[in-house]
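Residue numbers begin at 1 in each chain, while the letters A, B, ... track the order of the sequences. Bear in mind the structure is a predicted one, so any value in this text is a computation, not a measurement.
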Amino acid sequence: MIRNEICRAVEAAALEAQRKGLLPDAALPEITVEHPPESHGDFACAFALKFARTARRSPMDIARTVIAVMQDIPEVEKVEVAAPGFINFTLKGAWLAEQVDQILQQGESFGNLDLGEGVKVQLEFVSVNPTGPLHVGHGRGAILGNTLANVLRAAGYFVEKEYYVNDAGAQMEAFYSSLYVRYQQCFGMDAEVPEEGYHGDYLVDLAGQIAEEKGDVFLRMSLDKAVAEIGVLGLDKIIEGIRGDLGRLGVVFDVWFSEKMLYTGGQYESAMNLIREKGYVVEKEGAVWFVSSEMGEDKDNVLIRSNGTPTYFASDVAYHYNKFVQRKFDRVINIWGADHQGHVPRMKAVMRALDLDPDRLQIIITQMVTLKRGDIEIKISKRAGDIITLSDLVDEVGADACRFFFLSRSLDSQMDFDLELAKKQSADNPVYYVQYAHARIASILRLAQEKGIGFQDGDVSLLVSDPELAYIRKMLEFPEIVEIVSDRLEPHHLTYYAQDLATAFHSFYKQCRVISEDPKLTAARLKLIQSARLVFARTLHLMGMNAPDRM
RNA sequence: GCGCCUGUAGCUCAGUGGAUAGAGCGCAGCCCUGCGGAGGCUGAGGUCGUGGGUUCGAGACCCACCAGGCGUGCCA
């Protein structure tokens, strides 16, 4: 990237100045460049400001000294020093124009980076208990995880997307019994869902389906057997439902990992034995504990309850043992909701207990989504029964708008999802603004094709006007966005970039007619449009969105 | 009580120590005899929660406080 080239040039110049004795021989600060406010060029470096203190020289003086010995950068038109000590770089228009050909040549690989160097990353997300349909809050994690996977792959990582199916434990038992009760009710029996069970209407529907398909067979067997068998059926249907809901949003997993397998596959024993041998396991108060307090945690955590059943936490120890030790992922990213935030330090302690570098496990916490209809907040709880499912949301708002909306806020911000507002705004939703730009481009390209205008030999050096170059500059930010999103794991930058890109395009479109009386300029601009289409498509596709040719 | 997250324009939100703090929506205007007006352009609108501190420089970093959300040893 040109950006890195400028950093290297500044660094080389600073070292050269030191070698010549023009600057003090002190350690240089980290050299970075950023995009300055407009009218200050394309890139700005604040190196001189940062170095002023250690160098005991004025920033302006340092900046002037550095640029005096700096080698020419072929892509750069001019280098200037500006108060209070910035070094500003302006790119050559001709070089910018050439980038259109470069982008076209790179095609779908434009923006791909090799930051990942093939590092094996597992991205685990959603992983909702299969006790009911996904609700609105789960959509955020789903879209986020899927988008991060897309971006990390573009950045050169090997990424596997995984859904951890919590198909073991007490929650599932409650689900199975609740389902059986609903099934009994289908046959007019006087049974009641236990208080700690699942009361949602979806279980009534599910039980009804099963009753219809299987008749009353489960009434003619022992209670234990009936609950177990109807449970398996119900679980499968719920998982299929979840898979379908995610599919509507284009979220597809590579692996569906069963919690039960940790117990039947011996991984639970292996992991427990390992941490027991290392002395991190004690028995007290009738339960088995992980002594995380010895690792700087403020409290210990129960692995096996006094009734003999393992906790979710124990499963997670085994699960992460499996991820790192058995499946040998270099890096694991888990996306959890804010309600699991207290679990993070425990898992970091587990990493240390397993002799693994805690930094290899990254846990992204997304803040809560609250759902509203106007001013009325809707409580989201499966057990309470009053839920707006993710599927309902997609029905009302549309898949692309859901994706864009979920991505458009930083992970750390809570989010009010107002259904009325989302619907009312849908015509002015930024998603349409961005997609419209793509459709507009497609329309122009269609017209060119109808008119039989070829532009393979278009000369991009004819692209010299401000709106043209401004748009090219914006396209060239795309690889930077891929880098930022993959480094910081912050997909929301994509939505802002997409809007900026659309603004730059619409502005260009207003000022520059593409298909005109001038055949050479027409060909050059058609090339620009072609590259523009590519960058829009790349950006939208990273977000899992459609890039429509018509709207 | 303690831990994590948040507080920036009327509203929803960007801004990981640098230049005059930005965008969308809303508001006040302007622009259609040209490729898609789901568009372009201009303007009004800010004690960046409060108070200290660090720094040449703080919306950003540190401390305290205020407000909201989430969590806090046998739920997940």
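- If you take CG of A:D416 and C1' of B:G68, they are 11 Å apart, rounded to a whole angstrom.
- For the P atom pair drawn from B:G7 and B:A44, the interatomic distance equals 27 Å after rounding to whole Å.
- Annotation: cation-pi pair A:R3/A:F43 absent, no NZ/CZ under 6.0 Å from the ring centroid and within 45° of its normal.
- Within the nucleic acid shown, A:L447 comes within 4.0 Å of sugar-phosphate atoms alone, with no base atom in reach, counting heavy atoms only.
- When the P atom is used for both B:A60 and B:C5, the distance is 16 Å, rounded to whole Å.
- When rounded to the nearest whole Å, the span between CG of A:L49 and C1' of B:G17 equals 11 Å.
- Residue A:Q435 is out of contact with every strand shown, counting any heavy-atom pair closer than 4.0 Å.
- A donor-acceptor contact under 3.5 angstrom links the side-chain atoms of A:Q341 to the base of B:G3.
- Side-chain N/O atoms of A:S292 include none lying less than 4.0 angstrom from OP1 or OP2 on B:G73.
- Nucleic acid contact for A:D412: sugar-phosphate only, since backbone atoms but no base atoms lie under 4.0 Å from a heavy atom of the residue.
- Put simply, A:F86 rests on the base of B:A19: the two rings are less than 5.5 Å apart at their centres and nearly parallel, under 30°.
- Base pairing annotation: B:C4 forms a Watson-Crick or G-U wobble pair with B:G69, both donor-acceptor distances under 3.5 Å.
- Residue contacts for A:S443: at a heavy-atom cut-off of 4.0 Å it reaches a base atom on one of the strands shown.
- Comparing the same atom, C1', in B:A14 and in B:A23 gives a spacing of 7 Å after rounding to whole Å.
- Contact annotation for A:F313: no contact, since no heavy-atom pair falls under 4.0 Å across all strands.
- Atom pair A:D549:CG and B:G36:C1' shows a separation of 13 Å (rounding to whole Å applied).
- Of the candidates B:G73, B:A19, B:G36, B:A19 carries the atom nearest the A:A82 side chain, counting heavy atoms from C-beta on.
- For B:G49 and B:C13, the P atoms lie 15 Å apart once the distance is rounded to whole Å.
- Side-chain nitrogen and oxygen atoms of A:R305 include at least one within less than 4.0 Å of the OP1 or OP2 phosphate oxygen of B:A76.
- If you check every strand for non-hydrogen atoms under 4.0 Å, A:S410 touches sugar and phosphate atoms only.
- Between A:R346 and A:D316, no side-chain nitrogen of the basic residue sits less than 4.0 Å from a carboxylate oxygen of the acidic one, so the salt-bridge criterion is not met.
- Nucleic acid contact class of A:C45 (heavy atoms, under 4.0 Å, all strands): none.
- With hydrogens and angles left out, the side-chain atoms of A:S413 and A:Q367 include no donor and acceptor closer than 3.5 Å.
- Judged by distance alone with a 3.5 Å cut-off, no donor-acceptor contact links the side chain of A:T311 to the base of B:C74.
- Base contact: A:A439 has a heavy atom under 4.0 Å from a base atom.
- Listed nucleotides: B:G15, B:G24, B:A19. Nearest to the side chain of A:Q499: B:G24.
- A:Q511 and A:S507 share a donor-acceptor pair across their side chains, judged by distance under 3.5 Å alone.
- Of the candidates B:C35, B:C13, B:G73, the closest approach to any side-chain atom of A:R513 belongs to B:C35.
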Under the salt bridge (charged side-chain N to carboxylate O under 4.0 Å, His left out) criterion, do A:K323 and A:E124 qualify, and how do the steps go?
-> CA-CA 10 Å; A:K323 291 183 183 197; A:E124 184 222 315; 2.7 Å; yes
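- Between the side chains of A:Y496 and A:S408, not a single donor N or O lies within less than 3.5 Å of an accepting N or O.
- Spacing of C1' atoms, B:A58 relative to B:G53, comes out at 11 Å, to the nearest Å.
- Remark: the A:Q414 side chain and the B:G68 base include a donor-acceptor N/O pair separated by less than 3.5 Å.
- For the pair A:S127 and B:A76, the criterion of a side-chain N or O lying under 4.0 Å from OP1 or OP2 is not met.
- Between A:Y433 and the phosphate of B:G40, there is a side-chain N or O to OP1/OP2 separation shorter than 4.0 Å.
- Pair check for B:G45 finds none; no Watson-Crick or G-U wobble contact set falls under 3.5 Å.
- For A:W289, taking side-chain heavy atoms from C-beta onward, the closest of the listed nucleotides B:G18, B:G34, B:G73 is B:G73.
- Residue A:A44 is in base contact, counting any heavy-atom pair closer than 4.0 Å across all strands shown.
- We find the OG-OH distance between A:S178 and A:Y198 to be 7.5 Å, quoted to the nearest 0.5 Å.
- If you check B:G18, B:C5, B:C35 against the side chain of A:V514, the one that comes closest is B:C35.
- Relative to the side chain of A:K50, the nucleotides B:G36, B:C70, B:G18 differ in distance, and B:G18 lies closest.
- Checking B:A76, B:A19, B:A38 against the side-chain heavy atoms of A:N88 singles out B:A19 as nearest.
- Across B:G18 and B:G52, the matching P atoms stand 24 Å from one another, rounded to whole Å.
- When both pairing distances are held under 3.5 Å, B:A64 makes a Watson-Crick or G-U pair with B:U50.
- Salt bridge status for A:R525 with A:E468: present, with a side-chain N to carboxylate O gap under 4.0 Å.
- Using N1 to N3 plus N6-O4 or O6-N4 for Watson-Crick, or N1-O2 and O6-N3 for G-U wobble, each under 3.5 Å, B:U55 pairs with nothing.
- A:D316 comes within contact range of no nucleotide atom at all, as no heavy-atom separation falls under 4.0 Å.
- Checking the phosphate oxygens (OP1, OP2) of B:C41, no side-chain nitrogen or oxygen of A:H506 falls inside 4.0 Å.
- Separating the C1' atom of B:A21 from that of B:C75 is a span of 45 Å, rounded to the nearest Å.
- In B:C32 the base sits syn relative to the sugar, since the glycosidic angle is no further than 90° from 0.
- Look at CG on A:D400: it is 15 Å from C1' on B:A38, rounded to the nearest Å.
- A:E490 has its CD atom 17 Å from the P atom of B:C13, to the nearest Å.
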For side chain to side chain contact (heavy atoms under 4.5 Å, CB included), just list the numbers for A:R446 and A:R550, CA-CA rounded to whole Å, side-chain angles, deciding distance to a tenth of an Å, and then say yes or no.
-> CA-CA 11 Å; A:R446 272 196 304 273; A:R550 289 188 169 84; 3.2 Å; yes
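- For the pair A:I515 CD1 and B:C35 P, the computed distance is 10 Å after rounding to whole Å.
- Screening A:E162, A:Q362, A:H320 for a side-chain hydrogen bond (donor to acceptor under 3.5 Å, both in side chains) with A:N334, the sole residue that qualifies is A:H320.
- A:A287 comes within contact range of at least one nucleobase, with a heavy-atom separation under 4.0 Å.
- Residue A:R346 is in base contact, counting any heavy-atom pair closer than 4.0 Å across all strands shown.
- In this structure, the nucleotide among B:A19, B:G36, B:C74 sitting nearest to the side chain of A:P37 is B:A19.
- Minimum atom distance to the side chain of A:N166 is reached by B:A76, of the listed B:G73, B:A76, B:G36.
- Across all strands shown, A:S507 has heavy atoms under 4.0 Å from sugar-phosphate atoms exclusively, and none from any base.
- Of the P atoms belonging to B:G40 and B:G59, the separation is 32 Å, rounded to the nearest Å.
- Pairing for B:G10 goes to B:C25, judged as Watson-Crick or G-U wobble with the two contacts each under 3.5 Å.
- Counting any heavy atom pair closer than 4.0 Å across all strands shown, A:H340 reaches a base atom.
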